[in-house]
Every structure is written in C-alpha cells, then in structure tokens.
Number of protein chains: 2
Amino acid sequence: MSQTVDRALSILPLLAEGPANLEQVASRLGVHKSTALRLLRTLHEHGIVYRQQDQRYRLGARLFALAQEAVENLDVREIAHPHLAELNEKCGHTVHLAVYEENEVLYIDKVESRYPVRMYSRIGKPVAITVAAVAKLLLADLPEPERRAVAERLDYPMYTSRSTPNAAAFLKELATVREQGWATDLGGHEESINCIGAPIRGADGRAVAACSVSAPNVVVTADELLTLLPLLRRTAGAISAEYSGTAHTPEKPHPSQKEDRS
Amino acid sequence: MSQTVDRALSILPLLAEGPANLEQVASRLGVHKSTALRLLRTLHEHGIVYRQQDQRYRLGARLFALAQEAVENLDVREIAHPHLAELNEKCGHTVHLAVYEENEVLYIDKVESRYPVRMYSRIGKPVAITVAAVAKLLLADLPEPERRAVAERLDYPMYTSRSTPNAAAFLKELATVREQGWATDLGGHEESINCIGAPIRGADGRAVAACSVSAPNVVVTADELLTLLPLLRRTAGAISAEYSGTAHTPEKPHPSQKEDRS
DNA sequence: AGTTGTGTTGCATTACGTGCAACAGCCATT
DNA sequence: AATGGCTGTTGCACGTAATGCAACACAACT
C-alpha cells in the first residue's frame, strides 16, 4: 500500500538471510543505490538494522527486542511452556507449540528431545503448512469459507510420497482432524519423522494454538507414537483450561484433567 | 530520513506496549487516521503487525520469525575473528573462541600465540569441559536445573592436582564465574598452562560463546596473565555489542519531530 | 429513530521520495 | 605514485506517491 514502507520492510527478510551491503540490498529491491541507502538509514536510526564494521547491514538489536515483546504478548506460550516441559519429561520426544497467523503457521516454542537423534526445526520458523500436524489442527478450526480459501491458494509440495498432494485431499484431511480433535503427520514432511498434535482452545472454543510431539521412527514407530495420544490430549486440555481460565487459580496447578470429546 | 518509513517504524515500539486501535496509533503518531491506516496496512501485509479480532493491532509473530532466522544465520565466528586477532596482536598469546553445543564445549576459532612455546589445541575439538575457562563460562550461563543436570553427569578426570575434582566443586566454581563474569583455568588442564576467559553475549543476554587467552607459565605467570583481564573483557564486550547489533542512535523522542538533517 | 464512536474510501494538493550524475574513499594493480 | 575499479555518499530537479480532508459506512450504544 505504501511503496516506501513496503520497500523498507522488504529489506528485513533479505537481511535475515545474512549480512548484505548497500549494493546487494539495492539490486535485490530493484531500486537505485541512493534510495536503498535512505531506507537503510531510516531503519538504522530506529535500530532495526545494524551496520557492522565492514559496512554491511544486518538486523539490529531493536528488532530482537521487539520480537521478544511480540512473543511475550502471545501469552499462550507462557502458560503452555511448563506443560510442554512436563510432557517432554514424560515421553522424552521433541515437543512443539505453534500458532496460526496470517496464512502462516509458526513454531513459537519447542522443548528438545532427550534422544540423541533430533529433528530439525526452529522456533519462529513457518511450518510446512500442508503436512504438519499443528498446521492441520489450526487450519481445521478456521471458519469454512476461509479454510477453503486458504486451502485453495496453498502450494502442495511433495516433500515425500505421503505429503498432502492437493487442496481436495487437504480439505478432506482437515475435516477428519476437525472431527477427531487431533492430527498426525506420518512421514509427510520428512520420510522418517512422525508427529501427533492436539489443539489448545480458548474460552470461546476456537483453537488459539496447537502442540505436538515429534519423533523419528528410528526411535519409536508411528504406532508407538500414537499410544502417546491420550497423554498429549490431556496436556493440550490442561493448557486450554488454564488459558481460558476455566480450571483453577494459576497458583496451584492441578495436573489431572479429563480430556474432552468434541 | 524517510518520513514515511520513519512514521511506520515509530508504530512498532508503540504497539510493543500493548495492542492499540487505529485512532490511538494515529493520535500518538500525530497523523491523520487515514495515514495511520495505510501505514498499518503495509506493516500488516508484511506480517510485522497483526490484527486481532477486536480490530486492534499488535506486533505480529512474523517479527519473531525474522529475528529467529537472523540469529540462526549470524556467525559468531565471523564477527569475533577480527577482534580476536586484535587481542592476539596486543598480548601475543593464544586466543580461543568456543561455543556450547549438546553437552559439549567446542573450540571454533583460534589465533596462535606469537611466542615459540605454544599450547596444543585444535579447532573443532571438544574442550576439557570441567576445567577450561570457556567451558565454565558457557555452563555457568545455563539455566539452573540444566546446569545441575549436566554437572552431575560429567566425569571429573584429574588432569592435574588442580583439576576440578567433582560436581559439587564444579557447581561452586560455576556460581563464582557467573557472579564475577569471567573465568580462569590455572593449571587445571595442563600443569604449566594458565588461561583466562570472558563470555560473549547475544541480544537476549545469554552467553552464545566465550573467548579466552592462554599462556604457559614459562612465558607469563598466572598473575601477569590476570592483568590482561580488562583487555580480554573489553574485547568480549566489543564482540557482544557487534554480535547483538547494539549501536543505534540513542535518541528517538516524540512523534511530533521535525526532520533534522546533519 | 438518532447519536456517538469507530474504520474506510476518493480525491486534490504538494510534500517528499526518487533516480540521476557527480563526487569521495578505499583498495588493488600497474 | 598514478591508475582504475569498486562502493558508499551527496545535491538536485522532477514527478510520483504520500498526505489530510471530508464524506461515507457500519457498528454499538441511548
């Protein structure tokens, strides 16, 4: 909408990839050097970008501080964390927390597996939206027209032979997920990694986040992983209860909580 | 420098304080509603701000994603190297850079001593984790439960009579290191070699790496080595500042600013 | 009904961002 | 030293694109 701001903001993902000098920024933006310079200067004044000694630009401290505040405002994370840690404690696998925002699903928290073989993922990284269990859960919860609209405009990369191939299949999968209240990703993203997920719901019943347990099948088979489903769903239920304030005073958590059927 | 971008960026700290609606943003920026709307829309398109269901704006999770990606692509080693070279230039001794990873501390860079007597070490090699100054610094920075857990499961080989003998002694040492912000290894690994270290901290204050100066006492005594501490700590501070991108122009007062050119 | 309080849109006016071209450093070559 | 290439910086004239205004839309109130 605003060309100048649009250009300035387009610099950020570019610099997130790594340091770049003025000319690189200018050419990737498709603008004249002097224009890029002024944009960078403005970003610099706000501390969003930083200039290192070799004169190249990078994202700066202010952006990190803002990001920190942004994630702190997502208070699901704070509430969920101890539950996720406890879940990890019990099962030993990698646990993720994700939210949906603006056509993307992002990991916002992670507790690492205790096993030596770990899956690669990164907090803040957009997930493979067409296959990840957490993505299915969050999209399944969107109102029907929006869900359809999103599904239609997505790409369906075939990460593996078991990846979701197209919008129709995806919508069908979302219906199933919506029905059963949990989701899986069995080798849909990486051949050897399986994943199960459950939704975290706010007071109004909408899914505000989703959590998942992931494990490579050299550690546990898909079937074994599925036996953790009740535990996972109890955890998600406990987080939901605490988040929506329907459970107890935040002072003394009450671990036992019945899972609810939808 | 660029008014439009300047205004757009001024919205971010404002939203960091908490969600705000259009009018609040407009008035605090000192611009017309329609102007604020366009700026917010542009920020929104880039996922920097998010619009919650009550129509108020808040910082978006995308910011977090950007920051996360940036730190992942940040190379401590690249940033630190010139500083380490300069440090070596000034004191002449061997300088090391190390990081903590998966229960190990690894050397990732080294600038050789200019003296003929050198200590043996190799980039990529795990350090003696119970005695090395860099290891103490990195472990001292772990959250308490993990620090304890790691300390408990380590072996405590007696390389010399001054090696750390057991977990209790190690934890005590870590507390001291944490307190004072620097660490030493006085003949704990090799009888005749002393070492001092300082932490390198990222934007969030966590130690991302540590650097050290090592010298055999045939070249300098332990006391003489300790006189280099201020220099070492300044170096570590400079690397931290550059790594975390801390350098932007301090003053950014109120929305009603005239353009000031210099 | 009206009334306030929002967010949104179209449009004229001109401020402001733009690209250009010339300049200034800084390093390698010669 | 002098040269040439490379990159960042500055001043300026031009015209795009951002601005504020006023009218509109759509709630949620009274």
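Below, read A as the first sequence line, B as the second, and so on, with proteins coming before strands; counting in each chain starts at 1.
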ask   = Do NZ/NE/NH1/NH2 and the carboxylate oxygens of Lys90(B) and Glu86(B) come within less than 4.0 Å?
value = yes
note = dist Leu14(A):CG -> Leu9(A):CG (nearest 0.5 Å) comes out at 12.5 Å
message = Please report the distance, rounded to the nearest Å, between CG in Asp54(A) and C1' in dC6(D).
response = 15 Å
query = Are any of the side-chain heavy atoms of Phe170(A) and Lys136(A) separated by less than 4.5 Å?
reply = yes
key: Member of Leu225(B), Leu226(B), Val95(B), Ile196(B) meeting the side chain to side chain contact (heavy atoms under 4.5 Å, CB included) criterion with Leu232(B)   = Ile196(B)
task = Could you check how far OH of Tyr57(A) sits from P of dT7(D), rounded to whole Å?
result = 14 Å
message = For a quick check, with a 4.0 angstrom heavy-atom cut-off, what is the B/S/- contact string for nucleotides 16-26 of chain D, read 5' to 3'?
response = -SSBBBB----
remark   = Glu224(B) meets the salt bridge (charged side-chain N to carboxylate O under 4.0 Å, His left out) criterion, sequence neighbours left out, with none
key: Leu231(B) side, atom CG; Thr227(B) side, atom OG1 - distance, nearest 0.5 Å   = 9.0 Å
ask   = Which whole-number value in Å describes the distance from Leu37(A) CG to dT9(D) P?
value = 5 Å
message = Classify Arg41(B) by what it touches in the nucleic acid, base, sugar-phosphate, or nothing, heavy-atom distance under 4.0 Å.
response = sugar-phosphate
key: Length of the CD-C1' vector between Gln24(B) and dG5(C), whole Å   = 13 Å
request  = To the nearest Å, give me how far apart CD (Gln55(B)) and P (dA28(D)) are.
outcome  = 10 Å
remark   = To the nearest angstrom, the CG-P distance between Leu22(A) and dG8(D) comes to 5 Å
